[in-house]
Amino acid sequence: MSEKTIFQKIFDGEIPAKMAFEDEICGAFYDINPQAPTHILVVPKKLIPSISEMADEDANIVGHLFVVAKQIAQDLKLDGGFRLVINNGVDGQQTVPHLHVHILGGRKMTWPPG
Ligand code: 5GP
């Protein structure tokens with residue numbers, strides 16, 4: 001079996017993380033290197049390595065990540081707005097090969113992103 005991803009180790013309790021939400025489909029935890037006052041990662045429990053590698057039947061899981069992200073943003077009162085980011089592949093600067101949605105909030109974002 002291949003090596004667990006960092007996020008699987010967090011789900012399995014092998015690496016500590018500050019959880020923001022968890023259900024049977026996904027977990028959300030605070031990023032270890034925050035890029036905004038609020039920076040949370042929403043991660044499926046199923047190992048989908050990236051958006052490029054998601055299967056058609058993963059659509060419900062991926063959709064659920066956005067429902068959860070919206071709810072977290074509401075709960076944390078990011079009422080002025082927030083940004084959801086999915087980095088994909090080398091050029092997308094994805095560093096952890098386990099699909100995740102970044103929730104970034106609490107400051108005004110800039111565009112274009114770096
Ligand atoms: P990516 O670059 O793949 O889009 O995002 C990976 C994110 O995971 C980065 O923002 C990085 O700071 C975060 N990260 C990496 N290792 C850990 C960890 O052990 N714990 C937590 N909470 N976040 C991590």
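Every number for a ligand or one of its atoms is a count from 1 in the order of the listing.
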For residues 104-114, tabulate all N or O donor-acceptor pairs below 3.5 Å that involve a side-chain atom, not counting sequence neighbours.
residue	atom	partner	partner atom	Å
R107	NE	Q35	O	3.2
R107	NH2	Q35	O	2.8

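Of the possible polar contacts, none joining the H100 side chain to the I40 backbone as a donor-acceptor pair under 3.5 Å is found.
Applying the ring-ring contact (aromatic ring centres under 6.0 Å, His included) rule to pairs touching residues 38-84 yields H39-H102, sequence neighbours excluded.
There is a side-chain donor-acceptor pair under 3.5 Å between Q71 and D75.
A salt bridge is absent between E57 and K46: the closest approach of a Lys/Arg side-chain nitrogen to an acidic carboxylate oxygen does not fall below 4.0 angstrom.
Using a 4.0 Å heavy-atom criterion, the residues that approach ligand 1 are I6, F7, I10, F29, Y30, D31, I32, N33, L41, N87, Q93, Q94, T95, V96, H100, H102.
In this structure, V96 shares a hydrophobic cluster with I6, F7, I10, F11, I15, M19, F29, L41, V43, the cluster being traced through Ile, Leu, Val, Met, Phe, Trp and Tyr side chains under 4.5 angstrom apart.
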